[in-house]
Colleague: 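Here's a structure for you.
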Amino acid sequence: MQIYLKTEEEIELMREANLLVGATLAEIGKAIKPGVTTLQLDKIAEDYIRGHGGEPTFKGFPNPYGPPFPASICASVNDEVVHGIPNERPLEEGDIVSVDCGALFKGYNGDSCYTFCVGEVSVEVKELLKTTKEALYLGIEAAQQGRRIGDISYAVQTHCEAKGYGVVREFVGHGIGKKMHEDPPVPNYGHRGEGKQIKSGLCIAIEPMITQGSPRVCLMPDKWTVKTVDHKLAAHFEHTIAIHQGKVDILSSFQSIEATEQEIM
């Protein structure tokens, strides 16, 4: 396992890439409503990223089991957990859509995901999203210098399972930098005190993928889209962080997304 610790300068470049991703997700959030297609959201993302000097990292991303990823965002609707391919099906009132976005900017990668509500959703759905987002921030809080990756994993798992939700095992967070996926892997389940030590300069993407029911998932025939086996809903939130000057530094941002959500409410 080769872990690349980042310099001060690299962390600032990572911040620029991640703020571009955050701004892209905010633009997408403004457009989400019943009747909009995920293909339309994908165009917004690609135009915004390219228009601000970046490249969509996901477009053409290789797949060992099938064709490269065809779009700039992963748009996973309802029981789709991750890697949903944007399509022409209009979103409907009460849907949720997890939009995962990556951008390469000045040689470094940004990566973040947010689960959006389409119109009004039920109390149960809101609770799933609230718990998943809480778990993300608890994982970030656990990512203290000198601790272990397992401390992050444990924080996410215990919070979600205590509320009866499933924690997906097959897909995990990851190191990030010049490559989208670097070491170390960052599972959403595990034990405190286990795994690689968290050191200054570490940049990782923490991304809880949480289900309403069973954590079991299956791969669709397109060789990308992953769904829950029991067809219950799934939520996915992700931040890229750095351990910077001994503290946790969130490089991506939900600020504009959440401001838009408050306006709608």
Side-chain angles (χ1 to χ4, degrees), residues 28 32 37-39 41-42 45 57-92 94-102 111-118 121-122 124-133 135-136 139 152-154 156-174 180-181 185-190 205-238:
I28 290 167
I32 289 177
T37 71
T38 50
L39 210 51
L41 301 180
D42 182 64
T57 319
F58 295 176
K59 196 156 194 176
F61 203 86
N63 181 354
Y65 309 108
F69 196 74
S72 298
I73 58 170
C74 299
S76 306
V77 180
N78 295 335
D79 64 341
E80 296 172 355
V81 182
V82 285
H83 304 160
I85 297 174
N87 58 46
E88 294 182 343
R89 182 184 83 79
L91 294 170
E92 297 177 9
D95 283 345
I96 57 172
V97 54
S98 298
V99 180
D100 196 351
C101 181
D111 189 13
S112 185
C113 182
Y114 199 90
T115 301
F116 296 92
C117 300
V118 183
V121 301
S122 70
E124 291 78 14
V125 173
K126 286 179 182 174
E127 188 59 32
L128 170 67
L129 271 55
K130 177 173 175 284
T131 300
T132 306
K133 193 194 278 189
L136 169 61
I152 301 171
S153 309
Y154 178 84
V156 172
Q157 180 182 9
T158 52
H159 183 68
C160 295
E161 289 185 346
K163 298 199 174 187
Y165 296 120
V167 179
V168 172
R169 263 62 171 177
E170 288 84 354
F171 299 91
V172 299
H174 51 88
M180 173 61 74
H181 295 137
V186 185
N188 295 307
Y189 62 96
I206 300 175
E207 49 180 321
M209 288 156 266
I210 308 302
T211 64
Q212 263 187 331
S214 167
R216 291 180 59 226
V217 297
C218 55
L219 183 65
M220 294 294 99
D222 64 21
K223 302 298 183 187
W224 277 108
T225 308
V226 174
K227 287 192 175 191
T228 57
V229 167
D230 59 10
H231 300 298
K232 291 193 175 178
L233 301 182
H236 179 195
F237 288 88
E238 176 183 19

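Computed from heavy atoms alone, side chains included, the values below leave out hydrogens, waters and symmetry copies. Here the structure is a predicted model, which is why all the values come from computation and not from measurement.
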Colleague: Output the distance between atom CD (Gln157) and atom CD1 (Ile210), rounded to the nearest 0.5 Å.
Modeller: 9.0 Å
Colleague: Just by modelled atom types, is the His236 backbone N or O under 3.5 Å from a matching donor or acceptor in the Thr115 side chain?
Modeller: yes
Colleague: Can you tell me if Ser112 uses its side chain to pair, donor with acceptor, with the backbone of Glu238 under 3.5 Å?
Modeller: yes
Colleague: Are Val82 and Asp100 packed together at the side-chain level, in the sense that at least one heavy-atom pair is separated by less than 4.5 angstrom?
Modeller: no
Colleague: Within a reach of under 6.0 Å around NZ of Lys223, are more than 12 heavy atoms found that belong to other residues, nucleotides or ligands?
Modeller: no
Colleague: Do His83 and Phe58 have ring centroids that are under 6.0 Å from one another?
Modeller: no
Colleague: Could you measure the distance from the NE2 atom of His159 to the OG1 atom of Thr132? Nearest 0.5 Å is fine.
Modeller: 8.5 Å
Colleague: Please check: side-chain N/O of Thr38 versus main-chain N/O of Asn87, any donor-acceptor pairing under 3.5 Å?
Modeller: yes
Colleague: To check you understand the geometry: which heavy-atom pair defines the closest contact between Cys117 and Leu129, and what is its length?
Modeller: SG-CD2, 3.6 Å
Colleague: Should the pair Arg89-Asp95 be classified as a salt bridge under the 4.0 Å nitrogen-to-oxygen rule?
Modeller: yes
Colleague: Show the numbers, then the answer: is there a side chain to side chain contact (heavy atoms under 4.5 Å, CB included) between Phe116 and Ile32?
Modeller: CA-CA 8 Å; Phe116 296 92; Ile32 289 177; 3.4 Å; yes
Colleague: Atom OH of Tyr154 and atom CG of Asn188: how far apart are they, to the nearest 0.5 Å?
Modeller: 15.0 Å
Colleague: So, for Asp79 and His231, which heavy atoms are closest and what is the spacing to 0.1 Å?
Modeller: OD2-ND1, 3.0 Å
Colleague: For a side chain to side chain contact (heavy atoms under 4.5 Å, CB included) check, start with the C-alpha distance between Val121 and Lys126, then their side-chain angles and the critical distance, and finish with the verdict.
Modeller: CA-CA 7 Å; Val121 301; Lys126 286 179 182 174; 3.6 Å; yes
Colleague: Whether the side chain of Asn78 engages the backbone of Ile96 through a donor-acceptor N/O pair (distance < 3.5 Å, no angle test) should be reported.
Modeller: yes
Colleague: Distance-only, no hydrogens or angles: does the Ser214 side chain make a donor-acceptor pair with backbone N or O of Asp230 under 3.5 Å?
Modeller: no
Colleague: Has Trp224 got a side-chain atom pairing as donor or acceptor with Pro67's backbone, closer than 3.5 angstrom?
Modeller: yes
Colleague: Where do Thr225 and Ile85 come nearest, in terms of heavy atoms and distance?
Modeller: OG1-N, 3.8 Å
Colleague: Quick one: closest heavy-atom pair of Asp42 and Ala71, and the distance?
Modeller: OD1-CB, 3.4 Å
Colleague: Using modelled atom types only, decide if a donor and an acceptor are shared between the side chain of Ser153 and the backbone of Pro187 within a distance under 3.5 Å.
Modeller: yes
Colleague: Can Tyr114 and Lys133 be said to form a side chain to side chain contact (heavy atoms under 4.5 Å, CB included), step by step?
Modeller: CA-CA 9 Å; Tyr114 199 90; Lys133 193 194 278 189; 2.9 Å; yes
Colleague: Run the side chain to side chain contact (heavy atoms under 4.5 Å, CB included) check on Val81 and Lys227 step by step: do they pass?
Modeller: CA-CA 5 Å; Val81 182; Lys227 287 192 175 191; 5.7 Å; no
Colleague: Could you check whether any side-chain heavy atom of His181 comes within less than 4.5 Å of a side-chain heavy atom of Phe61, counting everything from C-beta outward?
Modeller: yes
Colleague: When the side chains of residues 166-174 are checked against the rest of the protein, which donor-acceptor pairs come out under 3.5 Å, sequence neighbours left out?
Modeller:
{"unit_1": "Arg169", "atom_1": "NH1", "unit_2": "Val167", "atom_2": "O", "d": "2.9"}
{"unit_1": "His174", "atom_1": "ND1", "unit_2": "Met180", "atom_2": "O", "d": "3.1"}
{"unit_1": "His174", "atom_1": "NE2", "unit_2": "Asp111", "atom_2": "OD2", "d": "3.0"}
{"unit_1": "His174", "atom_1": "NE2", "unit_2": "Glu207", "atom_2": "OE2", "d": "3.4"}

